Amino acid sequence: MCGITGWIALRRNLEEQRPALDAMTATMECRGPDAEGAWVSGPAALGHRRLAVIDLEGGVQPMTAETPDGPVVLTYSGETYNFRELREELVRRGHRFRTASDTEVVLRAYLEWGEEVADHLEGMYALGIWDGRVDRLLLLRDRLGIKPLFVYETEDGVLFGSEAKAILAHPEASAVVDADGFRELFGFVKEPGRAVWAGMREVAPGTMLLLDRSGLRERVYWRLEVAEHRDDTETTVARVRELLEDSVARQLVADVPRCVLLSGGLDSSALTALASRQLAEQGERARTFTVDFEQPEAFRPDELRGSQDAPFARAVVEHLGTLHTDIKLDHQELADPEVRRATVRARDLPFGFGEADNSLYLLFKAIREHSTVALSGESSDEIFGGYPWFHLPAVTEVPMFPWVTASGMGPKSHPTKLIDPTLLLETLDVPGYWAQRWADSVAHLPALPGEDAHERRMREHAYVHLTSLLGLLLDRKDRMSMAVGLEVRVPFCDHRLAEYVFNTPWSMKTFDGREKSLLRAAVRDTLPTSVVERVKALYPHTQELRYVAALQRQVGELLSDDHGAADFFDRDALAKAAAGEPGAVEPDAREAFERVLDLAVWLDTYRPTIKLS
């Protein structure tokens with residue numbers, strides 16, 4: 001895992017512009033703490049920061065292949081899980097390798113197949129290839145968008161990077177956020193290909209960009225397709241198990257210490273069980289980590305978190321015999337302004353997941369002391385239909401993003417109630433944005449002949465989870481992990497599994513009358529019954545009142561300083577909540593505290609130009 005960046009200026013010679021490239025590359029030191037590299041020639045400048053995971057000595061980047069017609073240079077982030085099979089095929093085709101890295105496999109695969117290389121790679125990756133034979137840049141992102149990749153067009157080329165901050169470090173890029181950017185921030189709906197910063201965009205999942213002297217063009221090489229599912233339930237369950245086992249096996253390949261993130265839920269427990277079995281065959285024990293908070297005896301269940309993770313995680317550990325560590329977080333760490341600065345800086349944006357970002361960052365930071373690679377259960381709920389709202393007719397019957405409907409968001413409401421309503425409803429028209437985004441999203445989904453209305457609606461909901469909500473969660477996972485130099489892999493995000501389950505009828509996905517029926521059946525034999533039957537609980541958060549009190553103090557100081565972040569909120573309501581008793585603070589106000597503090601850090605760090613008119 002690494003950070004990549006580059007600058008292509010087709011009408012200039014960049015060999016004297018190394019300081020600009022160095023500044024861009026330096027912003028990603030956390031993504032790649034092990035090494036730094038640069039390659040500059042003529043109109044192309046490529047930078048790289050490396051986190052060494054496979055072939056620690058041989059995978060140095062940018063990596064160059066010299067050809068009789070000019071150099072071909074690769075800067076690459078991620079992992080290609082089928083690199084061993086590709087290497088064997090390329091050797092048969094006459095290629096010779098100098099290293100054991102997957103980086104060289106990707107480079108030589110491009111030499112063999114050109115832009116069709118995208119069809120051969122399986123994994124999580126974002127890469128840039130400068131082909132000096134024809135003066136062309138190829139930017140490529142993996143199918144589900146696990147690894148980020150941003151691009152910014154200039155007068156004579158592009159800037160690109162794993163993160164927006166790499167591009168914003170360049171003197172030709174401007175830190176501007178307009179109304180469209182703020183709709184994206186406030187909307188909780190990820191539009192593939194859109195970046196919050198004006199003039200910048202993401203390379204969409206499953207997409208490549210090609211730049212040469214004729215201009216910049218886009219090519220979609222993969223998308224979710226609609227197809228008839230012909231397997232019966234028993235065959236489908238077996239196929240899910242087969243795909244999961246293969247995905248876990250591929251993603252355990254590393255030359256550094258590995259572990260599994262274990263919550264005690266079905267998703268992470270399933271990965272832990274499969275990984276434990278496979279590592280045992282190699283004579284190893286799996287390492288597992290669970291996040292926990294102080295005063296667990298004071299836990300109070302709610303509709304989203306009906307049980308604590310720790311008892312279920314312990315049951316898995318005892319059942320499988322993993323080497324386990326509980327990472328305990330206290331309220332002082334979670335409320336530490338330095339931690340908030342680190343998380344906002346990591347994601348380049350305000351309005352993330354509040355305390356959940358802080359706790360995930362601290363969890364990853366603690367894990368990094370023991371492991372470099374971790375497996376995570378991210379994306380299982382999107383693929384298998386695990387969220388509670390998938391099973392609420394009042395939500396599924398509404399043609400709208402289900403997490404929007406389930407949160408009670410309507411024409412005059414928003415999850416953060418203390419945000420200035422005039423900004424939301426009149427200036428930004430967030431409800432109109434939601435409606436348009438829903439219509440645009442489902443318009444891309446072909447109809448399946450013979451599919452009834454209910455199956456079609458559930459397919460639509462599955463589709464928007466995989467193309468919108470998943471992007472938000474993968475980005476969060478990537479930013480918080482790479483901020484501490486930890487590579488987090490997501491076996492459920494195998495595109496073969498996503499394709500297969502997406503086309504499984506909803507009636508089969510819920511054949512036992514519950515959520516995630518297929519996954520539960522596929523791994524039932526590997527886990528304790530208590531874990532297999534556990535009702536889903538969302539990512540945990542602290543219920544410690546001293547955490548809320550710390551936020552109140554910080555918001556009070558922000559209001560006293562008349563910080564501009566408060567201009568986006570209802571100041572009177574914010575001040576009233578900040579002056580109240582911590583135990584009386586409503587969840588909406590607690591979330592508002594986190595958001596206004598995040599916004600303040602973002603404004604102070606990036607000094608963006610804001611254009612809302």
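For clarity, every value in this text was computed on a predicted model and none was experimentally measured. Throughout, residue positions are numbered sequentially from 1 according to the sequence presented.
Using bins of under 30°, 30° to 60° and over 60° for the plane-to-plane angle, the ring pair Y387/H465 lands in the parallel bin. Using cut-offs of 30° and 60° on the angle between ring planes, the pair W222 and H495 is perpendicular.
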- request: Start with the C-alpha gap between R347 and D475, add the side-chain angles, then the distance that decides, and say whether salt bridge (charged side-chain N to carboxylate O under 4.0 Å, His left out) holds.
  value: CA-CA 8 Å; R347 66 177 178 257; D475 188 69; over 6 Å; no

query: Do R524 and E533 pass the side-chain contact (heavy atoms from CB on, under 4.5 Å) test, and can you show the C-alpha distance, the side-chain angles, and the key distance before you say yes or no?
result: CA-CA 9 Å; R524 181 178 291 277; E533 299 300 330; 2.9 Å; yes

message: With side-chain contact (heavy atoms from CB on, under 4.5 Å) as the criterion, how do T542 and L329 come out once you've worked through the C-alpha distance, each side chain's angles and the decisive distance to 0.1 Å?
response: CA-CA 9 Å; T542 182; L329 305 178; over 6 Å; no

message: With salt bridge (charged side-chain N to carboxylate O under 4.0 Å, His left out) as the criterion, how do E116 and R219 come out once you've worked through the C-alpha distance, each side chain's angles and the decisive distance to 0.1 Å?
response: CA-CA 11 Å; E116 304 304 321; R219 175 192 160 197; 3.3 Å; yes

Steps toward side-chain contact (heavy atoms from CB on, under 4.5 Å) verdict (Y81, V253): CA-CA 8 Å; Y81 298 131; V253 175; over 6 Å; no

message: Between V91 and R108, does the side-chain contact (heavy atoms from CB on, under 4.5 Å) criterion hold? Intermediate values first, please.
response: CA-CA 10 Å; V91 168; R108 296 209 159 268; over 6 Å; no

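Within the 4.5 Å cutoff, no side-chain heavy atoms of E355 are placed close to those of T343. Looking at L140 and L121, their side chains come closer than 4.5 Å, going by heavy atoms from C-beta outward. Residues L107 and Y76 are not in side-chain contact: their nearest non-hydrogen atoms beyond the backbone lie 4.5 Å or more apart. Taking 4.5 Å as the limit, every side-chain heavy atom of D494 sits out of range of all side-chain heavy atoms of Y500. Contact of the F492 side chain with the L271 side chain is registered, since non-hydrogen atoms from C-beta on lie closer than 4.5 Å.
S247 places a side-chain N or O within donor-acceptor distance of the main-chain N or O of P491, the cut-off being under 3.5 Å. Under the 3.5 Å distance criterion, the side-chain polar atoms of N82 are matched with a main-chain donor or acceptor of H120. Checking side-chain atoms of S371 against main-chain N and O of I367 turns up no donor-acceptor pair under 3.5 Å. Under a 3.5 Å cut-off, the side chain of T207 and the backbone N or O of P205 do form a donor-acceptor pair. S268 places no side-chain N or O within 3.5 Å of a backbone atom of L262 that could act as its donor or acceptor partner. The backbone N or O of Y125 lies less than 3.5 Å from a partner atom in the side chain of D142, making a donor-acceptor pair. Between the side chain of S101 and the backbone N or O of E104 there is at least one donor-acceptor pair closer than 3.5 Å. R183 places no side-chain N or O within donor-acceptor distance of the main-chain N or O of Y433, the cut-off being under 3.5 Å. S162 places a side-chain N or O within 3.5 Å of a backbone atom of I4 that can act as its donor or acceptor partner. Looking only at distances, a side-chain donor or acceptor of S468 sits under 3.5 Å from a matching main-chain atom of K190.
A salt bridge links D478 with R31: the distance from a Lys NZ or Arg NE/NH1/NH2 to an Asp or Glu carboxylate oxygen falls below 4.0 Å. Between R250 and E79, none of the side-chain N atoms (NZ, or NE/NH1/NH2) sits under 4.0 Å from a carboxylate O, so this pair counts as no salt bridge. Between R437 and E184 there is no salt bridge, since none of the side-chain N atoms of the basic residue sits less than 4.0 Å from a carboxylate O of the acidic one. Checked for salt-bridge contact, R496 and E499 miss the test: no charged N lies under 4.0 Å from a carboxylate O. A salt bridge does not link R84 with E88: every distance from a Lys NZ or Arg NE/NH1/NH2 to an Asp or Glu carboxylate oxygen is 4.0 Å or more. A salt bridge links E245 with R241: the distance from a Lys NZ or Arg NE/NH1/NH2 to an Asp or Glu carboxylate oxygen falls below 4.0 Å.
The aromatic ring centres of F186 and F351 sit less than 6.0 Å apart.
The CD atom of E202 sits 11.0 Å away from atom CZ of R194, with the distance rounded to the nearest 0.5 Å. One finds the CG atom of L127 at 8.5 Å from the OG1 atom of T75 (value rounded to the nearest 0.5 Å). To the nearest 0.5 Å, the span separating CG on L210 from CD on E115 amounts to 5.0 Å. The structure places CZ of R489 at 12.0 Å from OG of S481, a figure rounded to the nearest 0.5 Å.
Sorted by first and then second residue, the pairs that involve residues 500-512 and meet salt bridge (Lys or Arg N to Asp or Glu O under 4.0 Å), not counting sequence neighbours, are D512-R520. Counting only residues at least two apart or in different chains, salt bridge (Lys or Arg N to Asp or Glu O under 4.0 Å) contacts with residues 374-398 comprise D381-K516, D381-K536. Residue pairs meeting the side chain to side chain donor-acceptor pair (under 3.5 Å) criterion with at least one member in residues 269-286, sequence neighbours excluded: R258-E284. Contacts classified as ring pair (Phe, Tyr, Trp, His ring centres under 6.0 Å) and involving residues 242-291 (residues at least two apart or in different chains) are given here: F289-H370.
The two residues L474 and G145 have their closest heavy-atom pair at CD1-O, 3.9 Å.
Counting only N and O atoms by type, the side chains of T236 and H229 include a donor and acceptor under 3.5 Å apart.
Applying the salt bridge (charged side-chain N to carboxylate O under 4.0 Å, His left out) rule to E451 yields the partners R459; only residues at least two apart in sequence or on another chain are considered. The salt bridge (charged side-chain N to carboxylate O under 4.0 Å, His left out) test applied to E455 returns no partner, not counting sequence neighbours.
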